4 protein chains.
Amino acid sequence: MAHSVDDTRTGHRGNRHGRSEQARQSVLHAADGLLVERGFAQLTIEGIAARAGVAKQTIYRWWSSKTDVLMDAFVEDAAEDLQPPDTGDLDQDLRVHLRRLAGFLTGSDAGAVFRALAGQAQHDADLARRLRAEHLSHQRARDRLPLRRALERGELPGDFDIDLAVDQLVGPIYYRVLVTGQPVPASFTDALVDAVLAPLAPSH
Amino acid sequence: MAHSVDDTRTGHRGNRHGRSEQARQSVLHAADGLLVERGFAQLTIEGIAARAGVAKQTIYRWWSSKTDVLMDAFVEDAAEDLQPPDTGDLDQDLRVHLRRLAGFLTGSDAGAVFRALAGQAQHDADLARRLRAEHLSHQRARDRLPLRRALERGELPGDFDIDLAVDQLVGPIYYRVLVTGQPVPASFTDALVDAVLAPLAPSH
Amino acid sequence: MAHSVDDTRTGHRGNRHGRSEQARQSVLHAADGLLVERGFAQLTIEGIAARAGVAKQTIYRWWSSKTDVLMDAFVEDAAEDLQPPDTGDLDQDLRVHLRRLAGFLTGSDAGAVFRALAGQAQHDADLARRLRAEHLSHQRARDRLPLRRALERGELPGDFDIDLAVDQLVGPIYYRVLVTGQPVPASFTDALVDAVLAPLAPSH
Amino acid sequence: MAHSVDDTRTGHRGNRHGRSEQARQSVLHAADGLLVERGFAQLTIEGIAARAGVAKQTIYRWWSSKTDVLMDAFVEDAAEDLQPPDTGDLDQDLRVHLRRLAGFLTGSDAGAVFRALAGQAQHDADLARRLRAEHLSHQRARDRLPLRRALERGELPGDFDIDLAVDQLVGPIYYRVLVTGQPVPASFTDALVDAVLAPLAPSH
DNA sequence: TTTTAAACGAGACGGTACGTCCTGTCTTGCT
DNA sequence: AGCAAGACAGGACGTACCGTCTCGTTTAAAA
């Protein structure tokens with residue numbers, strides 16, 4: 001499904017020179033730009049092709065839909081900068097990570113693309129699958145990381161339910177972003193961390 | 001904007017001076033049915049008109065888009081059955097309410113309409129506004145109700161942050177429904193209640 | 001078909017006040033005006049009703065189509081002023097009459113209505129019938145009049161073919177107006193008279 | 001404006017780079033057929049597209065209106081078979097030519113198309129222009145031909161007014177066809193020839 | 001160096017749905 | 001009863017994109 005990077009690396013199977021990397025980049029940039037400038041509803045294959053200076057057929061050759069293009073654009077240029085810090089201080093690492101997550105979701109172009117994809121995934125099971133396989137599963141792993149490290153350091157009870165904790169930490173953030181549209185300030189993410197870690201404190 | 005309930009008062013035979021209640025009902029039912037049967041992407045104004053036995057112009061006369069129709073259909077026949085119980089037992093009331101909420105979001109036709117609308121709201125600020133004004137705000141009030149009653153009964157600390165607690169309770173549910181696609185079993189919603197109420201218990 | 005003049009004259013047969021003469025006039029004037037100002041293609045029942053300040057139903061009650069309205073407007077205010085003169089001088093009478101006919105067809109509002117009706121009659125056999133029955137037959141009689149009088153005065157041979165002569169006199173005028181679009185100056189109509197009357201002159 | 005004949009050179013299989021000759025032919029035939037079978041009022045772009053097995057957009061890409069299609073259909077398959085004979089006998093040539101013209105106007109499919117176009121041209125100045133430029137001017141040249149040849153042969157006075165004579169010959173025919181709807185028998189066209197040529201006879 | 005086959009820009013094609021306009025019918029409540 | 005008002009089912013309009021299909025042109029590896 002994802003015809004993203006290096007389908008052709010060492011092109012030598014009949015095709016003399018393989019896929020045009022320049023066309024690929026033009027398409028992804030055009031899609032990105034059009035989404036941010038005009039919104040998902042105004043985003044069309046024809047529009048992407050025109051802005052990218054590319055033939056429609058070139059898009060259809062390598063992507064199956066406009067959301068497929070958008071997924072590539074999203075995975076490519078935006079996904080990997082949400083690595084949580086690793087200072088050895090669980091509380092601090094979580095605070096920083098959640099603030100970054102909130103900032104990504106509410107304040108970045110990539111976040112806008114994510115929101116569009118997440119919205120479209122409600123009508124498109126294939127896109128939902130791809131979004132989970134290529135972004136959310138990795139993001140989830142990053143979200144778990146501080147807790148996993150703390151667990152390995154022995155700072156958390158052996159039966160600590162990391163998955164539940166992650167749902168409690170990031171669930172309210174996504175809820176505000178995707179459902180209520182409320183802002184997600186640091187005070188909010190900090191309060192989430194407090195609530196999850198409070199029961200673990202020595203006294204109360 | 002919302003031409004929802006009773007624009008017309010006594011109307012019920014087809015065409016009198018003013019809006020036809022019969023046409024209105026046909027359109028809402030057709031939209032509902034088509035969404036559930038064929039999905040949001042396959043839902044078209046022409047399709048609704050054809051199934052409802054109504055002229056396209058009649059739809060355009062009263063609604064501005066297919067999501068406007070869907071909002072009316074949703075508000076009309078689905079919204080108000082998520083009233084939380086009031087047994088006097090906060091813990092129990094919350095458990096029951098969250099289970100119902102999860103059931104609504106994941107297992108009902110109305111929930112499917114909600115997911116479609118929430119998805120589309122990511123691309124459509126007007127729809128987002130309407131969804132919040134006509135459904136989410138009321139739903140939020142219902143979600144707060146058990147906590148508000150408990151607070152009034154003196155079962156919660158005077159400085160208890162109800163809004164934060166609601167975000168912690170329902171956020172993870174919407175997150176699973178809209179983002180990860182995981183199921184939302186009673187064990188999950190119960191665990192959310194436990195986590196929110198635990199710090200309030202005298203000892204543990 | 002033609003609900004034209006005086007369907008109701010002394011309204012008193014169950015109807016409290018009969019047909020509204022004011023509505024009828026408004027409709028005819030509106031149709032006339034719209035045709036001249038915006039052309040036949042832009043002329044619609046809705047447009048006539050709006051400009052006349054009349055309900056569509058009122059038009060449909062009394063007329064069967066926009067051409068029916070136009071026929072009434074045409075018959076009413078334009079048809080009867082093409083009476084040929086009767087000076088006793090055939091040559092002069094014909095010259096004057098043809099000049100007036102050309103002026104009517106090319107230079108008057110009523111002529112514009114006639115051209116529109118004649119055009120539409122090419123696609124509408126009913127209209128063609130009505131146009132012939134209510135205008136062309138009378139017009140033809142007027143066109144024949146000078147020749148008929150001359151025949152009665154003994155100025156023409158007893159076997160003179162009046163119908164052929166009329167076709168020769170007015171045919172080229174209609175041809176220029178409806179087909180070639182050329183102007184129809186007095187020199188042209190005079191030449192037609194000359195050609196028809198020349199063979200009758202004693203010598204040449 | 002007129003995308004008539006051979007915009008494309010070698011095309012004949014459906015879709016090559018450039019216009020599809022097959023689609024063009026299908027559209028013209030469909031328009032022709034529908035006009036003759038159902039009349040001008042029932043002729044729609046959608047109907048033409050459906051019968052031609054062509055997308056509406058393909059029609060709009062190459063033609064500006066249904067009359068534009070009809071003009072192409074008319075110019076293509078109907079215009080050039082009204083060449084007057086050239087026997088050296090003016091009287092005979094004119095008789096034959098006028099009979100053919102009458103037959104064309106009253107009795108052929110192409111004549112039906114012409115009448116529809118001439119009617120529509122009363123409401124549409126662009127169409128009128130095109131009809132004159134692409135058909136009537138050539139037809140007029142053909143109508144003049146017998147007289148021009150006779151003039152060159154010295155059979156007519158040097159000051160003979162050919163244009164007036166043509167108007168006198170064909171005007172009454174078009175008048176009957178477009179205005180009165182009377183038939184145009186050979187006796188009528190012969191009488192027209194007689195009337196125009198009579199003054200030239202050596203005696204009377 | 002020449003051949004050669006995939007990828008490319010271009011854009012016409014058959015379609016579907018859009019949102020608008022007008023048709024002719026209807027019902028209402030006023031005059 | 002006729003009327004102004006206007007909602008209704010229907011159907012065509014002209015437009016925008018869809019996804020498919022040639023065209024003729026690069027272009028870089030293979031011959």
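Chain letters run A, B, ... following the sequence lines, proteins first, then strands; residues in each count from 1. Values in this document were obtained by computation on a predicted structure and should not be read as measured data. Side-chain atoms are counted along with the backbone in the values below, which use heavy atoms only and exclude waters and symmetry mates.
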**Request:** Figure out the CG/C1' separation between B/Leu34 and E/dA17, and round it to whole Å.
**Result:** 14 Å
**Request:** Check whether any side-chain nitrogen or oxygen of B/Trp62 sits under 4.0 Å from OP1 or OP2 of F/dC8, and answer yes or no.
**Result:** yes
**Asked** If you take all heavy atoms of C/Ala73 and C/Leu28, which pair is closest and at what distance?
**Response** N-CD2, 3.7 Å
**Prompt:** Could you state the CG-P distance from D/Asp68 to F/dG14, rounded to the nearest angstrom?
**Reply:** 12 Å
**Asked** CD of B/Gln42 versus C1' of F/dC18: gap in Å, rounded?
**Response** 13 Å
**Fill in**
Among the nucleotides E/dC18, E/dC22, F/dC17, whichever has the atom closest to the side chain of B/Glu46 is E/dC18
**Message:** Should the side chain of A/Gln57 and the base of F/dC21 be counted as holding a donor-acceptor pair, with the cut-off at 3.5 Å?
**Reply:** yes
**Asked** Rounded to the nearest Å, what distance is computed from the CD atom of residue D/Gln25 to the C1' atom of nucleotide E/dC13?
**Response** 17 Å
**Item:** Within residues 30-43 of chain B or reaching into it, pairs that qualify as salt bridge (Lys or Arg N to Asp or Glu O under 4.0 Å) - sequence neighbours excluded
**Value:** B/Glu37-B/Arg51
**Request:** For D/Ala55 and for B/Lys66, locate the closest nucleotide of DNA chain E by heavy-atom distance; then report the residue assigned to the nucleotide nearer the 5' terminus.
**Result:** D/Ala55
**Message:** Using a strict threshold of under 4.0 Å (side-chain N to carboxylate O), is an ion pair present between B/Glu76 and B/Arg24?
**Reply:** yes
**Request:** May I ask you to evaluate whether A/Arg61 reaches the phosphate of E/dC8, defined as a side-chain N or O under 4.0 Å from OP1 or OP2?
**Result:** yes
**Asked** Atom CZ of C/Arg24 and atom P of F/dC3: how far apart are they, to the nearest Å?
**Response** 12 Å
**Request:** Provide, to the nearest angstrom, the distance between the CD atom belonging to A/Gln22 and the P atom belonging to F/dT26.
**Result:** 15 Å
**Message:** Quick check for you: among F/dT20, E/dC13, E/dA17, whose closest atom lies nearest to any side-chain atom of D/Lys56?
**Reply:** E/dA17
**Item:** Phosphate-side-chain proximity, D/Thr58 and E/dG14, N/O vs OP1/OP2 below 4.0 Å
**Value:** yes
**Prompt:** Atom CD of A/Glu21 to atom P of E/dC8: distance rounded to whole Å?
**Reply:** 11 Å
**pair B/Lys66-B/Ile59: side-chain heavy atoms closer than 4.5 Å** = no
Could you list the donor-acceptor pairs under 3.5 angstrom formed between side-chain atoms of residues 41-49 of chain C and any protein atom two or more places apart in sequence or on another chain?
unit_1	atom_1	unit_2	atom_2	d
C/Thr44	OG1	C/Gly47	N	2.8
C/Glu46	OE2	C/Lys56	NZ	2.9

**Prompt:** Does E/dA6 have OP1 or OP2 sitting under 4.0 Å from an N or O in the side chain of A/Arg19?
**Reply:** no
**Prompt:** Where each residue is assigned the nucleotide of DNA chain F containing its nearest heavy atom, which of B/Val54 and A/Tyr60 is assigned the position nearer the 5′ end?
**Reply:** B/Val54
**Asked** Which part of the nucleic acid, if any, lies within contact of B/Gly53, taking any heavy atom under 4.0 Å across all strands shown: a base, the sugar-phosphate backbone alone, or nothing?
**Response** sugar-phosphate
**Request:** Tell me which of A/Leu43 and C/Ala23 sits closer to the 5' end of DNA chain F, going by the nucleotide each one is nearest to.
**Result:** C/Ala23
**Prompt:** So which nucleotide from E/dC22, F/dA7, F/dC13 ends up closest to the side chain of D/Thr44?
**Reply:** F/dC13
**Asked** To the nearest Å, how far apart are B/Trp63 CH2 and E/dG19 P?
**Response** 15 Å
